[in-house]
Amino acid sequence: MLYLKPKKKSAGQAAPDWPILFDQLAKSITNPLLQKFYQSGVVPASTTLADLPMIALDIETTGLDPSRDAIVSIGLVPFDLQRIRCREAAYWVLNPGKPLASGSVVIHGITHSEIQSGPDLIEVLPELLSALAGKVVVVHCRQIERRFLDAALKERISEGIVFPIIDTMEIEVRFQRQGLLQRIAHFFGRSPESIRLAASRSRYHLPHYTPHHALTDALATAELFQAQVAWRFSPQTAVSELWH
Amino acid sequence: MEVELVEIADHFRRYEPFDALPDEVVQQVAAGVEVAYYRAGSTILTFGDEIHEVYFVRSGSVEVFRRNGTLYNRLEEGSLFGQMSLLMHNRVRFPARALEDSLLYIIPEEIFNQLCDEHDAFADYVELGDRARLRQTVSRAQQTNELMRTRIQQLITREPVSVPVTASVYEAARQMTEEGVSSLLITAAEDSHQVVGIITDRDLRTRFIAAGLPLKVPVAEIMSEELISVEAQQYVFEAMLSMLRYKIHHLPVMRDRRPVGVIALSDLIRYESQNSLLVVARILRAQDVEELKGLKQQIEASFVRMVNEDANSQMVGSAMSVFGRSIQQRLLELAQEKLGPPPIPCCFVALGSMARDELLPGGDQDNALILDNSYDPSAHGDYFEQLAIFVCDGLAATGYPYCKGGVMATTERWRQPREVWSRYFSEWIEKPSQEALLNSSIFFDLDGAWGEVEWVEQLKEQVANQAKKSPHFLSALARNALSRTPPLGFFKDFLVERDGKHQNSLDLKRRGTAPLAALIRVHALAAGSTAQNSFDRLDHIRDADLLPLGRAEALRDALEFMSVVRLKHQAENLVQGVDVDNKINPESLSQFDRRNLKDAFQALSNAQKFLKFRYPAERGPRRGR
C-alpha cells in the first residue's frame with residue numbers, strides 16, 4: 001500500500017453548509033415526503049467518522065444521461081465504521097417507464113419482465129427517503145446517484161433533492177499517484193482505470209464481487225469506505241473533510 | 001425487509017458447514033450478517049470481551065491466540081471463529097487479530113443458534129471443529145522442522161551469475177573463476193532473464209576437459225538443458241527433494257520466471273546433518289550386492305533421523321523412495337556387468353508406493369519390465385528373466401521383501417513388450433471387473449525407474465486420457481477403494497483387528513493410508529492427472545474442482561497425520577530393533593494423537609461416503625465387506 005500525501009479538496013468544490021441548507025430546505029419545500037426528509041436534518045460538520053451513521057447507495061440506470069435515461073434498480077446498505085448491516089439492506093428493481101436498451105439488460109442482469117412488474121420510483125420513495133434520512137450517503141462516483149435521483153424526483157413531484165455525499169471514488173482520486181500519463185488521460189476525459197470500484201477494492205485486498213448489481217455494489221462501496229478509513233483516515237476524522 | 005444478498009450467499013455455499021444447508025437457509029444467513037473490514041494487524045477480538053456473534057473469514061487471514069499470547073490457529077478464507085467463545089458463556093476466550101487485510105461476515109448469535117438447533121450437520125461441524133484441530137496439529141508439526149519452515153529465498157546470498165548461450169566454454173569458465181562460483185546459468189541470446197541451461201564445475205570436467213573439446217566450443221554444447229528449478233517462495237525441503245529426486249547438486253531459483261539465484265547442495269547440508277544425498281551417493285558407488293546390503297542400516301538411520309527431526313511425510317516418503325530407486329538402479333547396473341547390456345531397449349518400472357514417492361521401511365517391492373516391441377521370447381526371454389531375478393533378489397536382500405501378489409518383473413506376465421502393456425491398461429480400463437482391478441490397481445501408480453523411462457510417461461498419458469472418459473472403470477475402481485473402511489469405532493470400544501498376533505492393535509496402513517491413497521487415485525484419474533504422489537494428486541483434484549471446497553485440504557491433513565503416526569511407529573520399531581510393521585496399539589498413543597487420528601479417520605470416512613455417492617454402484621451384486 002502506498003502512503004501518498006492527500007491532495008486538499010479544491011476550493012471551488014467546497015461543500016455547502018449542510019445543516020443550514022437542510023434547515024432552509026425543510027422550510028421552503030412543499031412536498032411532505034421531502035419536507036420530512038429535510039426535517040430529520042444532517043449531523044454537524046464536526047461529527048467524527050466514528051460517530052457517523054452512513055448508508056451506502058448504488059443505483060443502476062439505463063444510460064448516463066439523467067434527462068433521457070432512467071433508474072432501473074436501487075441498492076441500499078446502512079453502516080458505520082464498525083459494521084455494515086445487511087439485515088437493514090434494501091433493493092428495488094424499478095419500472096423506468098422508458099424502453100430499456102438490450103445492452104443494459106445484459107449489464108445489470110435484470111430481465112424485461114422484472115422491470116415490467118417493478119414499481120415506479122414514486123411508490124418506493126417513502127421507504128427510500130426514510131432510509132436515507134439522518135444518514136450521510138456513501139457512493140462510488142457521486143455524479144450518477146446525485147443527478148439521477150434529483151432528475152427523477154423533479155420529473156415526478158417537480159421538486160428535486162440534495163443531500164451530503166461521501167464519494168469513495170473521489171477519495172481514491174485524492175490518493176492516486178498523479179503521473180503525467182494519468183493527467184493527460186484525465187485531461188482527455190478518461191477516468192483512470194484504477195479508480196473503478198473493483199480496482200479500488202483490490203488495492204485494499206477486498207474480494208472480487210460481481211459488479212453491476214445495485215445491492216452488491218452498495219455493499220462493495222460500504223466495505224471500500226471502511227477500508228479507506230482504516231488506511232487513509234482515522235475514526236477521529238471529521239465528516240466535513242470528506243463530504244460534498 | 002429481507003433482501004437477497006447473492007454475493008454473500010454464494011460465498012457461504014462454497015464452504016463447510018454452509019454447503020450442507022438448504023439454499024433458502026443460506027440466503028437467510030446472508031441476509032442477516034454484518035460485514036466488517038479489518039486492516040492487517042488490527043485487533044478483532046479481545047480476551048474477556050462479551051461476544052454475541054460468530055465470525056466467517058470472507059477474505060484475508062486471521063490469527064487466533066491463546067490467553068498467554070501464543071498462536072492457537074491461523075484461519076484462511078472460509079473459516080469460522082468465535083463459536084467456542086459463544087458456547088462458553090459469551091466471553092472471548094481466544095483473542096483474534098487480522099494477519100492480512102481481512103473482510104469478515106459476522107453471524108449474529110440468534111442465527112447461529114438457530115442453525116445449530118435445526119441442522120445437525122452444522123452443529124456437528126462447529127462443535128467438533130475437527131478439521132481445524134487436525135490442520136493445527138499438522139501445521140504445528142511442520143513448523144518445528146527448519147527445513148520446512150525456511151523459504152528458499154533465505155538461502156540466496158548473491159545474484160545469479162550467467163552468460164549468454166552464444167558464449168564459448170572458455171568465456172564461461174573465466175566468468176566462473178572471476179565470480180568464484182561453481183555453477184553458471186546460461187541465458188537466451190536475446191533475453192538475459194530467460195534461462196536456457198546450466199553448467200557446473202563438474203560439467204566442465206566431464207563434458208569438456210575429459211571430452212577433449214576445443215576452448216572456443218559454444219557453452220551450449222556442454223550445458224544441461226532440461227532445467228530443474230525451484231521457486232524462491234518454496235520451502236528448503238522442496239529444494240532438497242528436487243536435488244534428491246533428480247540427483248543434482250545445483251538448483252536455479254526463480255521468481256516470476258526470472259532467475260534470482262542458484263542454491264547448491266552445500267547450502268542445504270547445514271539443515272540436515274547426515275545428508276540423504278550422501279546416502280544416495282554411497283548406494284550408487286556400491287560394488288556388489290553385499291555392499292548394498294550393508295547400506296540398509298544407513299538408510300534406516302537416515303529414516304529414523306528424518307522422523308525425529310519432524311520431517312513431513314512427503315519428505316520422508318520421497319527420500320525413502322529415492323533410496324529404493326537408487327538401489328534398484330545400482331542393481332540393474334550390477335546385473336549388466338554380469339549379464340551384459342540388454343539386447344533390446346527396455347524400461348524397469350517402479351509400481352505402488354515407490355512410484356508414488358511414499359515408500360516406507362518394510363514396504364514390498366512392486367516392479368515390472370517393459371520391453372521393446374521387437375521382443376522375441378526365444379531370443380531375449382532368458383536375458384530379461386535373469387535380469388529380473390538378479391534385481392528382485394537383490395532388492396529382497398537389501399530390505400525390500402518380495403511382493404506377495406507376485407507383482408514383480410520376475411513374473412512373466414509383468415515382463416512384456418510395450419504393446420502388451422498398452423493393451424493391459426486398455427483392457428483394465430475398458431472392461432473393468434472389480435476382481436481384476438483388485439489385483440491391478442497397483443499398476444495405476446507407476447514410475448519409470450531405469451532405461452526408456454519416456455515409455456512410462458506415454459503409458460501415464462494413455463491412462464490419464466482413457467480413465468477420465470470411462471465411468472465404468474472409475475466406478476469399479478471406486479468400489480475397490482471402498483473395500484476397506486477406517487475403524488471409526490476404534491477409540492470407543494477398542495474394536496481392532498483380532499487376528500491373534502496383534503490383538504488390540506490397528507493396522508494403520510490397511511485401514512488408513514492405503515484406502516486413502518486408493519480414494520485419491522480414483523479422483524486423480526477422474527481429473528485426468530498424470531501425477532502419482534498422493535499430495536500432488538490432491539492438488540490436481542482440488543484444481544479440477546472434483547471435491548467440495550476444502551475437502552482436498554482436509555484429506556491432505558488426514559493423510560499427513562496418519563502417515564506421521566505410521567512413521568513414528570516405524571522409527572520406534574527400528575530403534576527397538578524389532579520388525580517394522582504398521583500395527584498401532586491405541587494405548588501407546590497420547591490422548592492428543594488419538595483424537596487427531598479419530599478426526600483423520602472421520603475425514604477419510606466422509607470422503608468415502610462422497611466417493612460412494614459420486615460413483616454409485618453399477619448393476620450386479622455388490623461385494624460383501
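Chain letters run A, B, ... following the sequence lines, proteins first, then strands; residues in each count from 1.
- In this structure, OH in B/Tyr37 is found 7.5 Å from NE2 in A/His205, a value given to the nearest 0.5 Å.
- By the 4.5 Å heavy-atom criterion applied to side chains, B/Ile106 and A/Arg83 are counted as neighbours.
- Distance check: A/Thr216 OG1 to B/Ile8 CD1 gives 8.5 Å after rounding to the nearest 0.5 Å.
- Closest approach of A/Pro207 to B/Ser59, counting heavy atoms only: CD-OG, 3.3 Å.
- Under a cut-off of 6.0 angstrom, the local environment of CD1 in A/Ile122 is crowded, with over 12 non-hydrogen atoms contributed by other residues, nucleotides or ligands.
- Of the two parts of A/Thr210, the backbone and the side chain both hold a non-hydrogen atom closer than 4.5 Å to a non-hydrogen atom of chain B.
- If you take CG on B/Leu5 and CG on A/Leu215, they are separated by 4.5 Å, rounding to the nearest 0.5 Å.
- More than 12 non-hydrogen atoms from other residues, nucleotides or ligands lie less than 6.0 angstrom from CD of B/Glu110.
- The environment of CZ in A/Arg156 is crowded: more than 12 heavy-atom neighbours from other residues, nucleotides or ligands sit within 6.0 Å.
- For the pair A/Arg87 and B/Pro108, the minimum side-chain heavy-atom distance is below 4.5 Å.
- Distance check, rounded to the nearest 0.5 Å: OH of A/Tyr204 to CZ of B/Arg39 gives 10.5 Å.
- Atoms CG and CH2, from B/Asp101 and A/Trp231 in turn, are 5.0 Å apart once rounded to the nearest 0.5 Å.
- Residues of residues 220-229 of chain A that come closer than 4.5 Å to chain B, counting heavy atoms only, are A/Glu223, A/Gln226, A/Ala227, ordered by residue number.
- The structure places OH of A/Tyr209 at 8.5 Å from NE2 of B/His11, a figure rounded to the nearest 0.5 Å.
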